[in-house]
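Below is one structure, written out as structure tokens; comments come after it.
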Number of protein chains: 2
Amino acid sequence: MDGGIITKKPSVTSSQVAEHAGVSQSAVSRTFTPGASISPKTRAKVLAAAKELGYRPNAIARSLITSRSRIIAVVMAYLENLFYPDVLEELGRRLAAENYHVLLFTGFMDRDSDPVFDQLMQYRVDGIILASTSLSSQLSEECTVAGIPVVLFNRTTEKAAASSVTTRNREGGRLLAEFLIAGGHKSFGYISGLENSSTNRDRLIGFREGLKAGGFSKIEVRTGNYNRADAEAAARELLSLPKRPQAIFVANDHMAVAVMDVARYEFGLTIPKDLSIVGYDDVGPARWPSYGITSVTQPIMPMAEATVDILMDQIASGEIEPQHRVIPGELIVRTSARLPKTGIVERDGVKFYKSAATR
Amino acid sequence: MDGGIITKKPSVTSSQVAEHAGVSQSAVSRTFTPGASISPKTRAKVLAAAKELGYRPNAIARSLITSRSRIIAVVMAYLENLFYPDVLEELGRRLAAENYHVLLFTGFMDRDSDPVFDQLMQYRVDGIILASTSLSSQLSEECTVAGIPVVLFNRTTEKAAASSVTTRNREGGRLLAEFLIAGGHKSFGYISGLENSSTNRDRLIGFREGLKAGGFSKIEVRTGNYNRADAEAAARELLSLPKRPQAIFVANDHMAVAVMDVARYEFGLTIPKDLSIVGYDDVGPARWPSYGITSVTQPIMPMAEATVDILMDQIASGEIEPQHRVIPGELIVRTSARLPKTGIVERDGVKFYKSAATR
DNA sequence: CTCGATCTTGCATACGTATGCAAAGATTGC
DNA sequence: GCAATCTTTGCATACGTATGCAAGATCGAG
């Protein structure tokens, strides 16, 4: 641990501004506190003195007094899945618009997340956003007692102590099953994400239900753990089966592009002629023409908006009763899977598949 | 601005722990301050009381007293370029290992960055990492006066007030020129990043120098602004020229994959038979077999390591004289460009191009 | 046992800001 | 002009923690 002292000019304090402006420190504080009572004349004097001295209010001191740091902890175990950087950027933008700031915890894929939680709690954050990671019931309870709003992004929990923003994963899985059956596929594979992820579980459940409704009950399942290397390995296993599935549903697009690479470059398959691949979340590369993944969308903007809305509402009201927002997605049709004869609609030059039940 | 009050149980204070343990608040503080003097017996009493009461030290209060927040501001205007999420994850990991935390400012691509700077300075951050954005001389001076270390990541500046971590962009550009000439290319294009970016400038300078040394002086230059849409537009312009360049050097791989998509899917070109494409930074998708971009590497780990080392050194010593680290990259050869007959070396199953001068 | 050196402890204070409250000043209506 | 009411201001204090310093306790050597 370092023990050095930084030789530097101390920051200008509100007391120095007060002396310079010929008013009290209290007047300076009120000048910089939105909604506080200060006369226009005094305000002008304070602002002039502050500018001349290069004063910047100390957010740390203010946090201590107001019990409000205006810091939101965002926990993302990894950024490898290209969906999460987009989410992070959008969250950062929206939180900044509300004058909140992101304390980011990331890069602990292979480590226990308890130290992360300990650290963020020390900073007395105003709220917590958990993406791609979960919260134990003990820690959840602590947040509840402390009155700190928690929003699970793209996760759900049975514990019901945290709010959540998700998409209709189960319906998405079902819709994909229907789409593949309508395209004439007779055998199916599924590459899952993490076993303990609610999104993964729901997507598979929906897929099973959809296949079952079409008279299919067998799925070859392999685990991709939401990362590229494991997805590649899972793809190799599925594609090496004596009876290769005609279609593979990959639990997210980050893995789907890896599966497509393996299929084309290691097994020499043509997509979608030899094999159909469908994914979930419609992240960056899935949209690129080199992949063109047919995928259920997870609309980042509405999800980020809902997340920030919940947080702001709970912080403002002091009421942290869990709120759950479910954002609908759509099955966007590209080039990675064989098409059904019906059910494809086009809107703004983009093709979507609509379930028979909702057409 | 919100005005509500959060109804919640206040956090446990060190004074409450002290009372519970039958010692002074000072003893509690010393128990949680690394290196402070505290007897094993008293420490045990305090830790037991702290655990029983669920005490978590208040990092905000400690920051106020110690003038050290242990917060590092990381400024990344956008995360669209897939290089930066990887960088961010690695920085987060390394900073956490030093018990520092990332206050992230992102998502302001189209906005002035001054408000960002104002906000981060209010939090009395211990250091600043600027990636994909610059610092005005006025703000740079303010950091110097305040003794706050600033490290430019993947940027340089003539102002010399900030430290920097870069790669050999100029040499990389030169090496790519040599590689393309050796592969028999006779006409060249360049899709640039941002006009005001030092990395972009140096890559183009190096490319010009390398081509000139090989007897070529003409380059068709278009601007891609480091984003996909503008890179696509630039590619369309270059590929629509009466005399299409045989090779295009794209200023970063985020844009290079877009250029390849346009070439293949809009112009029906075969890579590298009809057109060679080379890039810079070797980011995620560039490595995927669907793209296989031949590219100069920007090794994230050593760069992140150097960045954090500089910061830790400067924070510990109080000495913020600018330090500049230049991390060498290599030209990694994949499938996006025609190969020269000589100069290719293989190491661990990966091919590299070595300049004649360094072979 | 004594003394000097070293460790431990609690008291008092500071950090920089926001805010409750009483007093003073300003404004409005009769 | 005066009373009522509203606005503004500065004083005193608090937030939760770390630390300088003096006093007390402990340890080791002579």
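Protein chains get the first letters and strands the later ones, always in sequence-line order, with residue 1 at the start of each. In what follows, every heavy atom counts, from backbone to side chain, and hydrogens, waters and symmetry copies are set aside.
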- Message: dA18(D), OP1 or OP2 - any side-chain N/O from Thr66(B) closer than 4.0 Å?
- Response: no

- Task: Using a cut-off of 6.0 Å, state whether more than 12 heavy atoms not belonging to Glu19(B) lie near its atom CD.
- Result: no

Scan the side chains in residues 145-156 of chain B for donor-acceptor partners under 3.5 Å anywhere in the protein, sequence neighbours excluded, and list what turns up.
{"residue": "Asn154(B)", "atom": "ND2", "partner": "Gln298(B)", "partner atom": "OE1", "Å": "3.4"}
{"residue": "Arg155(B)", "atom": "NH1", "partner": "Ser134(B)", "partner atom": "OG", "Å": "3.0"}
{"residue": "Thr156(B)", "atom": "OG1", "partner": "Ser198(B)", "partner atom": "OG", "Å": "3.4"}

- Length of the CZ-P vector between Phe32(A) and dT17(C), whole Å: 10 Å

- Item | Contact list for DNA chain C against residues 53-61 of chain A - heavy-atom distance below 4.0 Å | Tyr55(A), Pro57(A), Asn58(A), Ala61(A)

- Query: For Thr33(B) and dA18(D), is the shortest distance between a side-chain N/O and OP1 or OP2 below 4.0 Å?
  - Reply: yes

- Query: Taking atom P of dA14(D) as reference, at what distance in whole Å does atom CD of Gln25(A) sit?
  - Reply: 15 Å

- Message: Could you check whether Glu89(A) pairs with Arg93(A) (Lys NZ or Arg NE/NH1/NH2 to Asp/Glu carboxylate O, under 4.0 Å)?
- Response: yes

- Item | Non-neighbouring partners of Glu80(A) that pass side-chain contact (heavy atoms from CB on, under 4.5 Å), sequence neighbours left out | Tyr78(A), Asn227(A), Arg228(A), His254(A)

- Item | Letter per nucleotide, 5' to 3', of nucleotides 20-26 of chain D [B base touched, S only sugar-phosphate touched, - untouched; heavy atoms, 4.0 Å] | -------

- From the list dA14(C), dT17(C), dT7(D), which nucleotide is the closest neighbour of the side chain of Ile65(A)? dT17(C)

- Query: How do Val23(B) and Leu64(B) order along DNA chain C: which one's closest nucleotide is nearer the 5' end?
  - Reply: Val23(B)

- Euclidean distance, atom CZ of residue Arg70(B) to atom C1' of dA18(D) [Å, nearest integer]: 14 Å

- Query: With sequence neighbours left out, what residues match Ser26(A) under side-chain contact (heavy atoms from CB on, under 4.5 Å)?
  - Reply: Ser24(A), Arg30(A)

- The complete set of ring pair (Phe, Tyr, Trp, His ring centres under 6.0 Å) pairs with one or both residues in residues 54-74 of chain B, sequence neighbours excluded, reads Phe32(B)-Tyr55(B)

- Query: With sequence neighbours left out, which residue pairs that include part of residues 47-57 of chain A fulfil the salt bridge (charged side-chain N to carboxylate O under 4.0 Å, His left out) condition?
  - Reply: Arg56(A)-Asp118(B), Arg56(A)-Glu142(B)

- Query: Excluding sequence neighbours, so at least two apart, what forms side-chain contact (heavy atoms from CB on, under 4.5 Å) with Ser11(B)?
  - Reply: Arg124(A)

- Task: Quickly work out the Lys41(A) NZ to dT27(C) P distance and round it to whole Å.
- Result: 11 Å

- Query: How would you label the contact of Ser63(B) with the nucleic acid (heavy atoms, under 4.0 Å): base, sugar-phosphate, or nothing?
  - Reply: nothing

- Note on the structure: Taken to the nearest whole Å, CZ/Arg62(B) to P/dT19(D) is 10 Å

- Item | Distance, rounded to the nearest Å, where Gln16(B) contributes CD and dC15(D) contributes P | 11 Å

- Message: Please report the distance, rounded to the nearest Å, between CD1 in Ile38(B) and P in dT19(D).
- Response: 14 Å

- Nearest of dG10(D), dT7(D), dC15(D) to any side-chain atom of Ser24(A)? dG10(D)

- Task: Using the test side-chain contact (heavy atoms from CB on, under 4.5 Å), find all partners of Glu319(B) that sit at least two apart in sequence or belong to another chain.
- Result: Ser317(B), Glu321(B)

- Query: Can you find a side chain N or O atom of Ser39(B) that sits less than 4.0 Å from OP1 or OP2 on dT8(C)?
  - Reply: no

- Query: Do any side-chain nitrogens or oxygens of Ser29(A) fall under 4.0 Å of OP1 or OP2 in dG16(C)?
  - Reply: no

